[in-house]
Amino acid sequence: DNLRTFYSCLYRSVLFPRAFYEINAEGETIHYSPYNGQVLPGYLFTDTGFWDTFRSLFPLLNLIYPSMNEKMQEGLVNAYKESGFLPEWASPGHRDCMVGNNSASVVADAYIKGLQDYDIELLWEALKHGANNHLKGTASGRVAFEAYNRLGYVPNNIGVGQNVARTLEYAYDDWCIMRLAQQLNRPQEEIDLYRERSKNYRFVFDKENNLMRGKNEDGTFQSPFSPYKWGDAFTEGNSWHYTWSVFHDVQG
């Protein structure tokens with residue numbers, strides 16, 4: 001029974017991302033690009049939302065299917081070349097679905113775990129670009145990056161929903177970028193920038209309630225506040241769920 005359950009779960013865990021490439025008559029790997037409509041060389045993968053998969057699936061792939069995830073990283077290189085952004089939710093191109101900039105986690109985790117047979121310098125540029133830009137009409141890059149970079153959080157009252165969830169995930173993503181910067185021996189000022197941004201989760205921590213809470217642009221916390229309220233400042237959850245979403249600084 002345990003073996004059946006284990007392999008049933010493993011089978012389901014590797015159904016996605018879906019291979020979006022094929023081998024042509026000359027034996028070359030090619031793909032149709034949903035980003036620019038051309039048939040181009042190299043790998044591409046689709047049908048994955050990093051919000052759902054950065055926590056568990058991609059770390060699993062790095063450990064047990066590393067050669068496959070190297071191909072997926074090559075696919076991300078191609079997506080960036082063809083569209084100027086890494087997709088946060090590819091289906092098959094950029095989609096406006098879920099929150100976060102978790103391509104940073106997917107890229108950093110693979111490289112730091114030793115998967116390095118692809119153009120990491122281009123992916124590094126892609127991560128920096130995505131952290132400081134947004135592809136309008138999609139989830140790619142960072143929604144409300146201007147406010148986040150200026151204030152340290154996504155405000156509750158600027159017409160952007162799920163703002164605390166976005167803030168917490170951006171802070172973790174900044175930590176991932178910082179860790180990759182260290183691995184790549186980037187200039188200290190770049191490392192320090194993303195190290196500081198990784199602490200931004202503190203801006204939405206309400207010490208009065210010891211919980212994460214929406215914050216307005218003027219620095220006041222959202223009111224009224226219920227830690228049980230589903231959605232609103234959070235994504236498919238409430239404050240009791242998202243208060244623990246500081247993977248990179250549990251002690252903090």
Side-chain angles (χ1 to χ4, degrees), residues 49-56 85-89 94-106 127-179 192-252:
F50 291 152
W51 185 87
D52 291 83
T53 54
F54 81 90
R55 297 171 180 83
S56 301
F85 281 85
L86 297 180
E88 297 299 331
W89 193 287
H94 296 288
R95 291 289 175 269
D96 186 10
C97 189
M98 308 311 291
V99 303
N101 176 218
N102 299 307
S103 55
S105 179
V106 172
L127 293 192
K128 287 198 301 179
H129 180 73
N132 298 285
N133 291 277
H134 173 235
L135 183 59
K136 189 175 180 180
T138 78
S140 301
R142 295 188 181 184
V143 174
F145 71 91
E146 305 97 332
Y148 175 81
N149 290 352
R150 176 169 53 91
L151 300 170
Y153 61 95
V154 179
N156 179 71
N157 59 336
I158 61 169
V160 177
Q162 306 168 89
N163 39 83
V164 176
R166 295 182 195 276
T167 299
L168 295 176
E169 298 203 17
Y170 292 168
Y172 164 69
D173 298 329
D174 284 328
W175 181 83
C176 293
I177 295 173
M178 182 271 292
R179 289 287 290 114
D192 291 343
L193 171 65
Y194 290 100
R195 178 186 284 115
E196 285 306 306
R197 288 183 181 178
S198 75
K199 301 173 185 175
N200 283 344
Y201 70 89
R202 298 174 180 178
F203 286 112
V204 291
F205 184 74
D206 174 17
K207 294 181 180 178
E208 181 181 336
N209 293 280
N210 282 333
L211 291 165
M212 300 296 178
R213 181 177 177 181
K215 180 179 275 190
N216 298 317
E217 196 168 11
D218 64 4
T220 59
F221 281 107
Q222 178 185 11
S223 185
F225 170 66
S226 168
Y228 306 107
K229 185 178 182 181
W230 185 273
D232 191 17
F234 304 96
T235 304
E236 296 187 2
N238 60 30
S239 180
W240 272 117
H241 299 117
Y242 260 94
T243 291
W244 316 108
S245 187
V246 188
F247 318 118
H248 58 296
D249 190 13
V250 175
Q251 191 63 44

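The residues of the chain are indexed from 1 along the displayed sequence.
The two residues S140 and P87 make their nearest non-hydrogen contact at OG-CA, 3.6 Å. Pairing each heavy atom of F203 with each of G152, the nearest pair is CD1-O, 3.5 Å. Scanning all heavy atoms of the two residues, the minimum distance from A144 to V154 falls at CB-CG1, 3.9 Å. Counting all heavy atoms, side chain and backbone alike, A165 lies closest to V99 at CB-CG2, 4.4 Å. For the pair F145 and N132, the tightest heavy-atom approach, listed with the atom from each and the gap, is CE1-O, 3.0 Å.
The side-chain heavy atoms of N102 and E88, taken from C-beta on, include a pair separated by under 4.5 Å. Between W89 and D96 there is no side-chain heavy-atom pair separated by less than 4.5 Å. Within the 4.5 Å cutoff, no side-chain heavy atoms of V246 are placed close to those of V250. Proximity of K229 to P224: side-chain heavy atoms (C-beta onward) are nowhere separated by under 4.5 Å. E169 is not listed as a side-chain neighbour of N101, based on a closest heavy-atom distance of 4.5 Å or more. In this structure the side chain of S198 reaches within 4.5 angstrom of the side chain of H248, judged on heavy atoms. Residues V143 and R166 have side chains in contact (heavy-atom distance under 4.5 Å, counting atoms from C-beta outward). Looking at M98 and T235, their side chains come closer than 4.5 Å, going by heavy atoms from C-beta outward.
Here the side chain of N209 pairs no donor or acceptor atom with the backbone of D206 at under 3.5 angstrom. Using modelled atom types, no side-chain atom of S105 and backbone atom of D173 make a donor-acceptor pair closer than 3.5 Å. The closest donor-acceptor contact from the side chain of R55 to the backbone of W51 lies under 3.5 Å. Remark: side-chain polar atoms of N216 are not paired, donor with acceptor, to backbone N or O of G219 under 3.5 angstrom.
The distance from the CG atom of L168 to the CG atom of N200 is 10.0 Å, given to the nearest 0.5 Å. One finds the CG atom of D249 at 8.0 Å from the CD atom of Q251 (value rounded to the nearest 0.5 Å). We find the NE2-OG1 distance between H134 and T138 to be 4.5 Å, quoted to the nearest 0.5 Å. In this structure, R179 CZ and R195 CZ are separated by 10.0 Å, a value rounded to the nearest 0.5 Å. In this structure, D192 CG and Y194 OH are separated by 12.5 Å, a value rounded to the nearest 0.5 Å. Rounded to the nearest 0.5 Å, atoms CG (N163) and CG (N156) are 4.5 Å apart.
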- Run the side-chain contact (heavy atoms from CB on, under 4.5 Å) check on K215 and T167 step by step: do they pass? CA-CA 11 Å; K215 180 179 275 190; T167 299; over 6 Å; no
- Intermediate values then yes/no, side-chain contact (heavy atoms from CB on, under 4.5 Å), W230 and E236: CA-CA 7 Å; W230 185 273; E236 296 187 2; 4.1 Å; yes
- Item | Chi angles and distances behind the side-chain contact (heavy atoms from CB on, under 4.5 Å) call for S223, R213 | CA-CA 9 Å; S223 185; R213 181 177 177 181; 3.9 Å; yes
- Message: I'd like to know whether D232 forms a side-chain contact (heavy atoms from CB on, under 4.5 Å) with Q222, so could you lay out the CA-CA distance, the side-chain angles of the two residues, the decisive distance to 0.1 Å, and finally the verdict.
- Response: CA-CA 11 Å; D232 191 17; Q222 178 185 11; 2.7 Å; yes
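A search for side chain to side chain donor-acceptor pair (under 3.5 Å) contacts involving N157 returns nothing, not counting sequence neighbours. Remark: L151 pairs with Y153, P155, E217 by the side-chain contact (heavy atoms from CB on, under 4.5 Å) rule, at least two apart or across chains. In terms of the side chain to side chain donor-acceptor pair (under 3.5 Å) criterion, residue partners of D174 (sequence neighbours excluded) are, by chain and number, R142, Y148. Remark: D218 pairs with T220 by the side chain to side chain donor-acceptor pair (under 3.5 Å) rule, at least two apart or across chains. With sequence neighbours excluded, the residues that form a side-chain contact (heavy atoms from CB on, under 4.5 Å) with W240 are L211, P227, Y228, N238, W244.
Taking the six-membered ring for Trp, Y201 and Y170 have ring centres at least 6.0 Å apart. In this structure, H241 has its ring center at least 6.0 angstrom away from the ring center of F234.
Annotation: ring pair (Phe, Tyr, Trp, His ring centres under 6.0 Å) contacts involving residues 204-226, sequence neighbours excluded, are absent.
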